[in-house]
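Scroll down for the structure; my scribbles are underneath it.
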Amino acid sequence: LADYAVRNGRELAAVVKIQKDDTTSAAIKRFKNRMIKLTGNKESVPGTYLITQEATDYTEVINLLRESGATATLLALPAEIAENFMTQAKALGIDNMIYLGRRSWNTDSIKKMAVDQKIDFAFPSDQSETVETEMSGIFMKAYHEKYGEEVKRFPPTNSLVGNCFKAFV
């Protein structure tokens, strides 16, 4: 996920996690170390922000994200909480953020929300390079029609192609 962020020009990435949830600690550590390695900047992850499992208002953490200067955020959160977080961030004017998440984000609900609100996010996928989803098929067809060449392989993350797709239509 750090590679995805940096490839997309995002060299400052914050982390949001649930307080007292250690199940994501190893992934967060790997993400931070990879960001530092890729950017050469020990300050490439300006903060790790905590929310409680019970929280429903994320305004304080969203404002801290804004102040941090981060343009990517690793949301080490379950899909439902991440969806609510991204919706609130968008409502509070966070428009230029890539959210990086977990495999559990592969839900129709979160994908629909992201397309409807034009939110950019990516998450690891179990997809093999030869698996085609309905949306990726639409994207690949539009790409071929616009550029006259076939897409050879899928990227290692399942990034929402809705924003890219609009550029081709």
Side-chain angles (χ1 to χ4, degrees), residues 1-19 24 27-28 31-32 34-36 38-41 43-53 55-125 133-136 138-140 142-143 146 151 154-169:
L1 292 172
D3 291 77
Y4 180 83
V6 172
R7 272 196 320 267
N8 283 279
R10 310 307 174 96
E11 295 195 2
L12 285 179
V15 174
V16 176
K17 68 175 278 231
I18 295 175
Q19 190 173 19
T24 58
I28 291 169
F31 176 79
K32 288 179 175 181
R34 186 72 178 153
M35 284 296 297
I36 292 167
L38 291 170
T39 65
N41 178 3
E43 305 298 321
S44 63
V45 182
T48 299
Y49 305 102
L50 305 175
I51 62 171
T52 64
Q53 181 76 38
T56 57
D57 180 1
Y58 309 113
T59 304
E60 183 178 339
V61 170
I62 291 166
N63 287 331
L64 291 170
L65 278 178
R66 183 188 335 270
E67 292 168 13
S68 76
T71 55
T73 301
L74 175 64
L75 291 180
L77 307 172
E80 184 178 315
I81 294 173
E83 183 175 345
N84 291 333
F85 187 96
M86 289 185 279
T87 297
Q88 286 182 33
K90 183 72 171 187
L92 291 170
I94 304 286
D95 291 321
N96 189 29
M97 184 74 69
I98 292 178
Y99 296 100
L100 309 165
R102 298 158 57 166
R103 281 182 176 84
S104 66
W105 288 19
N106 193 6
T107 68
D108 290 339
S109 174
I110 202 167
K111 291 175 190 174
K112 181 179 180 341
M113 176 275 306
V115 168
D116 291 347
Q117 296 186 38
K118 297 181 177 123
I119 293 173
D120 190 3
F121 76 95
F123 55 88
S125 173
T133 64
E134 179 182 355
M135 185 174 272
S136 67
I138 293 168
F139 171 80
M140 290 177 7
Y143 184 92
K146 182 163 180 94
V151 177
F154 291 93
T157 57
N158 186 0
S159 173
L160 187 66
V161 295
N163 293 334
C164 296
F165 176 70
K166 290 179 183 113
F168 296 113
V169 177

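The figures that follow rest on heavy atoms only: side chains count, while hydrogens, waters and symmetry mates do not.
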All side-chain hydrogen bond (donor to acceptor under 3.5 Å, both in side chains) counterparts of Asn8, not counting sequence neighbours: none

How long is the span from the CG atom in Leu74 to the CD1 atom in Ile28, to the nearest 0.5 Å? 6.0 Å

With distance as the sole test, does Thr24 use its side chain to make a donor-acceptor pair with the main-chain N or O of Ala27 at under 3.5 Å? no

How close do Thr56 and Gln88 get, heavy atom to heavy atom, and via which atoms? O-NE2, 2.6 Å

The test is side chain to side chain contact (heavy atoms under 4.5 Å, CB included); show your working for Leu100 and Phe31 and say whether it passes. CA-CA 10 Å; Leu100 309 165; Phe31 176 79; 3.6 Å; yes

Determine whether Ile81 and Gln53 make a side-chain contact, defined as any pair of heavy atoms from C-beta on separated by less than 4.5 Å. yes

Results of side-chain hydrogen bond (donor to acceptor under 3.5 Å, both in side chains) for Gln117 - residues two or more places apart only: Thr87

Separation between CZ of Arg102 and CG of Leu75, rounded to the nearest 0.5 Å: 10.5 Å

Where do Ala89 and Ile62 come nearest, in terms of heavy atoms and distance? N-CD1, 3.4 Å

Do Lys17 and Leu50 make a side-chain contact, defined as non-hydrogen atoms from C-beta onward lying under 4.5 Å apart? yes

Take Lys32 and Val15 through the side chain to side chain contact (heavy atoms under 4.5 Å, CB included) test and state the conclusion after the steps. CA-CA 9 Å; Lys32 288 179 175 181; Val15 174; 4.2 Å; yes

Can you confirm whether Ile98 sits close enough to Tyr4 that some side-chain heavy atom of one is under 4.5 Å from a side-chain heavy atom of the other? yes

Using a strict threshold of under 4.0 Å (side-chain N to carboxylate O), is an ion pair present between Asp108 and Lys112? no

If a pair satisfies salt bridge (charged side-chain N to carboxylate O under 4.0 Å, His left out) and one of its residues is in residues 77-100, list it, with sequence neighbours excluded. Lys90-Asp95

Of all pairs that satisfy ring-ring contact (aromatic ring centres under 6.0 Å, His included), the ones with a partner from residues 57-92, not counting sequence neighbours: Tyr58-Phe85

With the side chain counted from C-beta on, respond yes when Leu12 and Met35 share a heavy-atom pair under 4.5 Å apart, and no when they do not. no

Is there a side-chain contact between Arg103 and Pro124 (heavy atoms, below 4.5 Å)? yes

Partner set under side-chain hydrogen bond (donor to acceptor under 3.5 Å, both in side chains) for Ser104, not counting sequence neighbours: none

Would you call Leu38 and Ser44 a side-chain contact if the rule is heavy atoms closer than 4.5 Å? no

One should read off an interatomic distance between Asp3 CG and Arg34 CZ, to the nearest 0.5 angstrom, of 4.0 Å

Give a yes or no on whether the backbone of Leu77 and the side-chain of Trp105 come within a donor-acceptor separation of less than 3.5 Å. yes

Nearest 0.5 angstrom please: Asn63 CG to Ile94 CD1, how far? 7.5 Å

Spacing of Arg66 atom CZ and Leu92 atom CG [to the nearest 0.5 Å]: 6.0 Å

For the student: nearest non-hydrogen atoms of Ala82 and Ile110, plus distance: CB-CD1, 4.4 Å

Test item: Val6 and Thr39 side chains (from C-beta on) under 4.5 Å apart, heavy atoms: yes

Got a sec, which residues hit salt bridge (Lys or Arg N to Asp or Glu O under 4.0 Å) with Arg10, two or more places apart in sequence or on another chain? none

d(Leu1 CG, Thr73 OG1) to nearest 0.5 Å is 12.0 Å

Closest contact, heavy atoms only, Leu65 versus Ala14: CD2-CB, 3.3 Å

